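Read through the structure below, which is laid out as structure tokens, and then see the notes.
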Amino acid sequence: MIKKLLAHVKEYKKTAIVTPFLVLMEVVLEILIPLIMAELIDRGIDGGSMPDIIKYGIALLLSALFALAFGVGAGRTASVASSGFASNLRSAMYDHVQEFSFANIDKFSTASIVTRLTTDVSNVQMAFQMCTRIAIRAPGMLIFALIAAFSIDAELAFVYVAILPVLGLGLYCMIRIVYPVFNRVFKTYDKLNNVVQENLYGMRVVKSFNRQEHEVEKFKETSGKIYKDFSKAEKTMAFAQPLMQFCMYASMLLISWFGARAIVASGNDAALGLSTGELISLITYAMQILMSLMMISMIFVMFTMARASGERIAELLDEESTIHDPENPVFDVADGSIDFENVHFRYGKSKNKDVLNDINLHIKSGQTVGIIGATGSAKSSLVQLIPRLYDVTEGSVRVGGIDVRDYHIESLRNQVAVVLQKNTLFSGTISENLRWGNENATDEEIQKACKLACADEFIREFEDGYETYIEQGGSNVSGGQKQRLCIARALLKKPKILILDDSTSAVDTKTDAMIRRAFRTEIPDTTKLIIAQRIASVQDADQIVVLDDGRIADVGNHDELMKTSEIYREVYESQNKGGVADEQ
Amino acid sequence: MSSNETRRMPMGKRHGRGFAPLPKGQKFKPGTIKRLLSYLKRYKVRLILVVICILISSAAGVASSLFLQTLIDDYITPLLIEAVPDFGGLLKAIMSIAAVFAGGILASLFYARTMAIVAQSTLKDIRDEMFTKMQQLPVKYFDTRTHGDIMSYYTNDADTLRQMISQSLPNLFSSVVSMTAVFISMLHLSIWLTLIVLAFTGLILVVIKAIASRSGGYFMKQQRSIADVNGYIEEMVNGQKVVKVFCYEEKAKARFKEKNENLRETTAMANTLANVLMPVTGGMGYLLYVIIAVVGGAMGIAGISNFSIGGQATMTLGTIASFLTLSRNFVNPIAQVSQQLNSVIMAMAGASRIFELLDEQPEEDHGSVTLVNAHVSETGELEECEERTGVWAWKDGGKLIPMHGKINLKEVDFGYNDDELVLHDITIYAEPGQKVALVGATGAGKTTITNLINRFYDIDDGKIQYDGININRIKKFDLRRSLGVVLQDVNLFTGTVMDNIRYGKLNATDEECIAAAKLANADGFIRMLPDGYDTILEGDGSGLSQGQRQLISIARAAVADPPVMILDEATSSIDTRTESIVQKGMDNLMHGRTVFVIAHRLSTIQNADVIMVMDKGRIIERGNHEHLLEEKGRYYQLYTGAFELE
């Protein structure tokens with residue numbers, strides 16, 4: 001997983017590798033500084049020699065400046081590398097999602113894709129930055145400080161060896177106790193947020209039923225749980241600082257005691273044993289050694305937290321698109337004929353029930369075909385096989401006489417335009433949205449398509465006409481208007497096959513009829529598939545397919561079906577109780 | 001394709017932390033600090049103990065830096081001249097300082113643990129108070145704010161508070177205490193050297209400020225950039241299927257690259273500045289160290305007498321050594337303090353937002369008329385009683401008025417804001433047991449009328465009477481108890497199906513709930529669910545179809561058994577067969593009650609007693625089905641499909 005993610009560091013590899021080196025240099029200097037300080041005190045101040053003070057002062061100054069330079073450098077490279085890494089990861093994921101088939105998108109759900117691209121990436125970015133800086137810094141510091149301490153006085157340095165495991169063990173135990181508790185807290189937090197969110201959405205229900213107190217009770221129960229867990233976790237965490245202090249003070253006292261004896265024994269001569277300057281250095285190292293261990297434990301926590309995010313990202317990147325271009329693709333779609341041959345289809349291999357069962361259907365180029373059936377009868381599934389949004393499980397779907405799996409996908413989809421049931425407009429002007437259908441469409445072409453879709457009229461009524469800005473999700477146009485814009489967008493492709501998946505449900509019946517009439521006269525050669533709830537929308541089609549629970553129940557034109565199909569007749573009668581169709 | 005697969009999933013709740021921007025010129029709500037303190041005051045005794053403990057712990061810290069001087073000057077140096085060194089004195093000194101250290105350790109353990117409890121209790125108090133307050137706010141409050149906005153009170157704002165109380169405040173306090181203690185100790189050692197430290201500290205502050213303010217700017221930019229990228233991702237991924245259908249992948253990638261690159265640049269800059277802060281202060285600390293060593297050393301060698309608040313003495317080796325350690329202890333917390341201050345400022349911003357919520361005006365209720373159970377006494381008079389009799393009465397002072405469910409709106413005007421009226425001159429008479437249908441395009445004002453009847457909003461002009469009583473004289477609790485509501489957007493709560501039905505009447509038995517489900521025509525599908533009535537619904541019942549959700553909400557209203565119902569019908573997203581099942585449920589519910597129906601399909605309201613056709617906030621036609629058809633007006637147009645409803 002880690003290797004896979006790190007592969008995306010790419011052009012920032014150099015920068016990323018430079019960081020630990022810069023950090024190491026910084027660490028080396030920070031270790032050197034106490035050594036120089038020891039000399040400065042022993043020879044300069046203690047020895048009363050001004051030249052020595054100046055000599056070591058300059059050395060100290062230079063080291064400090066270099067340490068600063070390296071530190072700043074590392075800060076820069078770490079942030080450049082980590083933000084570059086994050087940017088590459090996002091790009092890779094986003095690009096990969098673009099390759100996803102419908103089946104892949106269904107598997108992840110859009111919300112989870114969005115979270116992976118946003119929150120998870122920033123978690124990994126943080127961890128990466130921490131790692132390049134501190135993960136090297138802390139162990140480096142630990143090792144160098146130990147080496148330095150041992151070189152000053154090996155015997156005294158054993159104090160650290162005795163103290164370190166105490167701190168390490170203490171921290172380890174704390175993490176072990178706290179980690180599951182924190183995990184639980186985060187889940188409870190989700191629950192708390194969930195209660196708040198439900199109340200926000202259902203505020204009217206709460207008020208209508210006078211359930212305010214009931215909800216407050218529910219909330220208090222959850223917030224009480226958070227209180228209990230969180231204070232438990234924090235109470236455990238509260239041991240961290242005292243533990244650190246204990247180790248710090250203990251090593252200081254031990255070094256003082258043994259150090260003092262050593263100094264006295266050597267007569268405060270560094271050459272013979274220990275000097276006062278060296279004693280001070282040793283105590284400085286104590287601080288550095290313990291701090292680095294503390295940091296290592298922090299990295300550990302950080303890392304475990306980022307791991308889940310990393311796994312989610314890797315999972316997305318590992319997802320193989322279920323639909324690929326064939327090896328020698330066909331680029332030209334001959335005509336708009338469609339043939340379903342013994343088609344079976346199910347979503348995903350694991351689902352054990354076929355959504356479509358043994359479908360055989362032949363549509364001639366230029367025909368208008370209506371498809372009706374109850375919700376869940378797999379109307380949408382049926383038409384989504386045509387532009388190869390999904391692949392059949394068994395059998396074959398042919399367009400223009402060739403199996404859709406043999407086409408170059410983009411060429412096929414350019415000839416098969418689908419207006420999805422759950423459609424989306426994007427933020428941007430109306431004409432920008434329409435140009436999705438054809439980037440190079442002229443204004444005339446756009447207007448023509450809109451006239452066909454009965455959209456031109458209402459667009460002109462807008463103050464800014466075709467330059468009207470559509471809000472995200474198309475929230476500033478009505479449902480019927482949105483549907484007509486989506487139809488116009490699809491028409492701009494000038495496809496050989498046009499599929500409308502319940503695309504006029506919010507359009508009034510009169511306009512609906514006008515659109516169908518326009519289709520008949522203006523694009524007679526295009527094969528048209530219309531999924532509808534209303535019989536009126538499919539009544540005049542050349543063929544009407546009645547789907548029932550994934551099977552074709554009946555096929556025929558309106559008159560035939562009125563005679564032969566019970567389902568069709570039932571639906572027709574339920575919708576025409578008031579004689580709507582007759583009065584049209 | 002399931003049509004509700006993208007129903008509001010809670011989006012990334014975790015949020016980036018790190019070096020936050022200093023909100024420039026941020027105005028806090030006046031008195032924020034004082035109010036925060038008033039929350040902490042509840043834990044007064046503990047907080048006083050915490051302060052004492054912090055003092056002890058800091059004192060131990062200072063003692064540790066001063067100990068070096070004592071060790072070198074008072075013990076090691078004299079021992080050096082002794083022929084037979086006696087370490088007894090040293091041992092005693094070490095033992096006594098060890099005791100001080102032990103005290104310090106215990107003190108910091110105590111304050112850290114106490115603060116954890118204080119912080120969490122305070123947060124619980126604030127959270128509970130927020131939620132309780134939220135329940136009292138008028139619907140208008142929620143209609144005029146986005147949900148995300150309100151959610152962030154509980155997530156972001158509460159979180160900044162937690163950080164501040166449990167971490168920043170104690171850290172800040174102990175840093176300040178240590179710095180003060182260190183400062184005094186420094187004065188105690190040498191005034192001259194202290195002055196050097198002070199001057200240098202000023203320099204460090206200037207540098208930190210310069211870096212922090214620049215980095216703040218970049219962080220703002222980064223925040224905007226993140227919002228931009230995330231917004232784009234959300235929009236595009238939500239429309240991913242459309243992208244596929246139009247083979248728009250390459251273009252989507254290109255636009256993303258641009259935004260992504262922009263984010264990369266700002267992030268790199270912002271993080272660089274934040275990363276640089278620590279090395280810079282660290283480096284400057286060393287610089288100070290060298291200066292003191294040189295100056296102190298020179299003074300020591302030259303034998304310049306040393307001023308301190310302790311008097312005059314010579315500059316000893318121990319003095320310089322201790323002073324060097326002290327100077328680092330003085331400078332090190334500065335960067336930390338500046339970062340903590342940052343988070344305090346953020347928390348203050350969060351706190352003032354929270355207090356704004358807590359200060360919102362709750363829903364007003366001046367009503368005094370209540371709804372009571374009643375029974376008819378032998379003399380034919382109404383009498384109040386405890387048990388549910390099926391007979392209700394309005395209790396106005398000592399007087400009981402029988403409740404029939406007659407609702408009249410007289411010349412009602414209403415606007416959601418002052419400059420625009422949404423309803424004009426609405427007059428509706430609903431007699432007990434009548435079915436009143438409201439028909440009209442989206443935005444015609446149908447839902448607004450129902451909002452006025454249950455007083456989610458109050459009318460601007462006109463009168464609404466309930467059994468002859470002005471509804472603003474009725475207690476809201478009782479008014480709403482008498483009105484059952486089934487909304488078009490069904491909201492279910494996390495819990496079992498049974499819990500959701502019982503929401504209508506909390507003390508309903510299982511049998512009552514099942515009976516209500518049967519009435520609502522929901523029993524059949526509920527029994528088909530994996531665990532029947534015990535099936536747990538999550539995410540607003542997202543596993544159910546729109547029609548099923550609506551059926552449960554009908555059952556919920558049925559359990560409450562109110563005399564008046566307001567029904568908002570399901571939209572066209574339900575297919576005809578499911579619709580007829582839902583319709584049957586609704587019909588059962590309507591039986592024997594006064595009902596207001598907001599109709600989305602004309603087929604369902606043909607048997608209504610009165611149909612009100614609404615357009616742009618006015619009633620343009622009224623009458624029953626036959627009458628309206630004869631008029632050949634808007635209703636006729638709607639009916640024949642010449643006009644769109646949605």
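Quick note: numbers below take in every heavy atom, side chains included, and nothing from hydrogens, waters or symmetry partners. What you see is a predicted model, and the numbers here were worked out from it, not measured in a lab. Each chain gets a letter, A, B and so on, in the order its sequence line appears, and its residues count up from 1.
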**OP:** Measure distances from B:Met115 to the heavy atoms of chain A and classify the residue's part below 4.5 Å as side chain, backbone, both or neither.
**Re:** neither

Subject >> Which portion of A:Phe239 sits near chain B, non-hydrogen atoms under 4.5 angstrom >> reply: both

Subject >> Rounded distance (nearest 0.5 Å) linking atom CZ of A:Phe246 with atom OG of B:Ser108 >> reply: 12.5 Å

Original post:
Would you say B:Met269 has more than 12 foreign heavy atoms packed within less than 6.0 Å of its CE?
Top reply: yes

**OP:** Check whether B:Phe456 gets within reach of chain A through its side chain, its backbone, both or neither, counting any heavy atom under 4.5 Å.
**Re:** side chain

**OP:** Rounded to the nearest 0.5 Å, what's the gap from OH on B:Tyr289 to CG on A:Leu61? Could you check?
**Re:** 14.0 Å

Original post:
What orientation do A:Trp436 and B:Tyr248 show, parallel under 30°, tilted 30 to 60°, or perpendicular over 60°?
Top reply: parallel

**OP:** Below 4.5 Å from any heavy atom of chain A, which atoms of B:Ser121 appear? Answer side chain, backbone, both or neither.
**Re:** both

Original post:
Measuring heavy-atom distances to chain A, does B:Leu137 have an atom under 4.5 Å in its side chain, in its backbone, in both, or in neither?
Top reply: backbone

Original post:
Do you know which of B:Met236, B:Glu265, B:Gln240, B:Met284 has the most heavy-atom pairs under 4.5 Å to chain A?
Top reply: B:Gln240

**OP:** Could you look at B:Arg556 and say if it's the side chain, the backbone, both or neither that has a heavy atom under 4.5 Å from chain A?
**Re:** both

Original post:
Under 6.0 Å from the six-membered ring centre of B:Phe87 and within 45° of its axis: does the NZ or CZ of A:Arg261 meet both?
Top reply: yes

Original post:
Which bit of B:Leu487 is near chain A, if near means a heavy-atom gap under 4.5 Å: side chain, backbone, both or neither?
Top reply: side chain

Original post:
Relative to B:Phe131, does A:Lys220 satisfy both conditions: NZ or CZ under 6.0 angstrom from the six-membered ring centre, and within 45 degrees of the ring's axis?
Top reply: no

Original post:
Which answer fits B:Leu506, side chain, backbone, both or neither, if we ask what part of it has an atom under 4.5 Å from a heavy atom of chain A?
Top reply: both

Subject >> Note, A:Ile283 side chain near B:Phe67 side chain (heavy atom, < 4.5 Å) >> reply: no

Original post:
Measuring heavy-atom distances to chain A, does B:Leu71 have an atom under 4.5 Å in its side chain, in its backbone, in both, or in neither?
Top reply: side chain

Original post:
What part of B:Tyr111 gets closer than 4.5 Å to chain A, counting heavy atoms only: side chain, backbone, both or neither?
Top reply: side chain

**OP:** Name the orientation class of the two ring planes belonging to B:Tyr503 and A:His214 (parallel below 30°, tilted from 30 to 60°, perpendicular beyond 60°).
**Re:** perpendicular

Original post:
Looking at B:Glu363 and A:Lys207, does any basic side-chain N land under 4.0 Å from a carboxylate oxygen?
Top reply: yes

**OP:** Among B:Lys505, B:Arg264, B:Arg481, single out the residue with the greatest number of heavy-atom pairs under 4.5 Å to chain A.
**Re:** B:Arg264

Subject >> Minimum side-chain heavy-atom gap B:Val243-A:Phe426 below 4.5 Å >> reply: yes

**OP:** Could you tell me the separation between the CD1 atom of B:Ile72 and the CD1 atom of A:Ile263, rounded to the nearest 0.5 Å?
**Re:** 7.0 Å

Subject >> Salt-bridge contact B:Lys253-A:Glu99 (side-chain N to carboxylate O under 4.0 Å) >> reply: yes

Subject >> CG on A:Leu420 to NZ on B:Lys244, rounded to 0.5 Å >> reply: 12.5 Å

**OP:** Identify the two heavy atoms, one from B:Gly504 and one from A:Arg211, that lie closest to each other, and give their separation to 0.1 Å.
**Re:** O-NH2, 2.9 Å

Original post:
Tell me, side chain or backbone of A:Leu389 under 4.5 Å from chain B's heavy atoms, or both, or neither?
Top reply: side chain

**OP:** Heavy-atom distances under 4.5 Å only: say whether A:Leu279 touches chain B with side chain, backbone, both or neither.
**Re:** side chain

Original post:
When you check the side-chain N and O atoms of A:Thr118 and B:Asn230, is any donor under 3.5 Å from an acceptor?
Top reply: no

Subject >> Side chain, backbone, both or neither of B:Ala107 within contact of chain A (heavy atoms, under 4.5 Å) >> reply: neither

Subject >> Beyond-backbone contact of A:Met248 with B:Phe101, side-chain heavy atoms, under 4.5 angstrom >> reply: no

Original post:
Does the side chain of B:Gln120 come within less than 4.5 Å of A:Glu234's, by heavy atoms?
Top reply: yes

Original post:
Would B:Asn275 and A:Arg76 count as a side chain to side chain donor-acceptor pair (under 3.5 Å) if you check the C-alpha gap in whole Å, the side-chain angles of each, and the deciding distance to 0.1 Å?
Top reply: CA-CA 7 Å; B:Asn275 283 350; A:Arg76 170 82 193 145; over 6 Å; no

Subject >> Reference residue B:Thr494; test side-chain hydrogen bond (donor to acceptor under 3.5 Å, both in side chains); the match among A:Gln197, A:Glu198, A:Lys191, A:Lys218 >> reply: A:Glu198

Subject >> Heavy-atom side-chain proximity of A:Asn414 to B:Phe246 below 4.5 angstrom >> reply: no

Subject >> Part of B:Leu263 lying under 4.5 Å from any heavy atom of chain A >> reply: side chain

Original post:
Which one, B:Val276, B:Ile233, B:Asn260, leads in non-hydrogen pairs under 4.5 Å with chain A?
Top reply: B:Asn260

Original post:
Among B:Leu123, B:Leu106, B:Ile97, B:Leu90, which has the most heavy-atom pairs under 4.5 Å with chain A?
Top reply: B:Leu90

Original post:
B:Ser64 and A:Met252: which non-hydrogen atoms are nearest, and at how many Å?
Top reply: O-CE, 2.9 Å

Original post:
Step by step, would you call A:Ser83 with B:Thr267 a side chain to side chain donor-acceptor pair (under 3.5 Å)?
Top reply: CA-CA 6 Å; A:Ser83 52; B:Thr267 313; 5.6 Å; no

**OP:** Taking atom NZ of A:Lys493 as the centre, report whether more than 12 heavy atoms of other residues, nucleotides or ligands fall under 6.0 Å from it.
**Re:** yes

Original post:
Distance-only, no hydrogens or angles: does the A:Arg204 side chain make a donor-acceptor pair with backbone N or O of B:Asn451 under 3.5 Å?
Top reply: no

**OP:** Taking the side chain as every heavy atom from C-beta outward, state whether B:Arg127 and A:Tyr227 have any atom pair closer than 4.5 Å.
**Re:** no

Original post:
Under the side chain to side chain donor-acceptor pair (under 3.5 Å) criterion, do B:Glu235 and A:Ser427 qualify, and how do the steps go?
Top reply: CA-CA 8 Å; B:Glu235 176 167 20; A:Ser427 45; 2.7 Å; yes

Original post:
Does any non-hydrogen side-chain atom of A:Glu30 lie less than 4.5 Å from one of B:Tyr286?
Top reply: yes

Original post:
Where does A:Ala86 contact chain B at under 4.5 Å (heavy atoms): side chain, backbone, both or neither?
Top reply: neither

Original post:
Under 3.5 Å, is there a donor-acceptor pair between the B:Asn271 and A:Ser82 side chains?
Top reply: no

Original post:
Which residue out of B:Met134, B:Glu261, B:Glu82 racks up the most heavy-atom pairs below 4.5 Å with chain A?
Top reply: B:Met134

Original post:
Measuring from A:Tyr201:OH to B:Asn491:CG, what's the distance to the nearest 0.5 Å?
Top reply: 9.0 Å

**OP:** Kindly compute the distance separating OG (B:Ser57) from CD (A:Gln241), expressed to the nearest 0.5 Å.
**Re:** 6.5 Å

Original post:
In terms of side-chain heavy atoms, does A:Asn210 have a donor or acceptor partner in B:Arg480 at a distance below 3.5 Å?
Top reply: no

Original post:
Out of B:Tyr154, B:Phe256, B:Phe110, which one racks up the most heavy-atom pairs below 4.5 Å with chain A?
Top reply: B:Phe256

Original post:
chain A heavy atoms under 4.5 Å from B:Ala560: which part of the residue, side chain, backbone, both or neither?
Top reply: side chain

**OP:** Take A:Glu213 and B:Gln135 through the side chain to side chain donor-acceptor pair (under 3.5 Å) test and state the conclusion after the steps.
**Re:** CA-CA 8 Å; A:Glu213 274 169 36; B:Gln135 293 295 337; over 6 Å; no

Subject >> Where B:Ala268 and A:Ser79 come nearest, the two heavy atoms and their spacing >> reply: O-OG, 3.1 Å

**OP:** Using a 4.5 Å cut-off on heavy atoms from C-beta on, say whether the side chain of B:Lys124 contacts that of A:Lys228.
**Re:** no

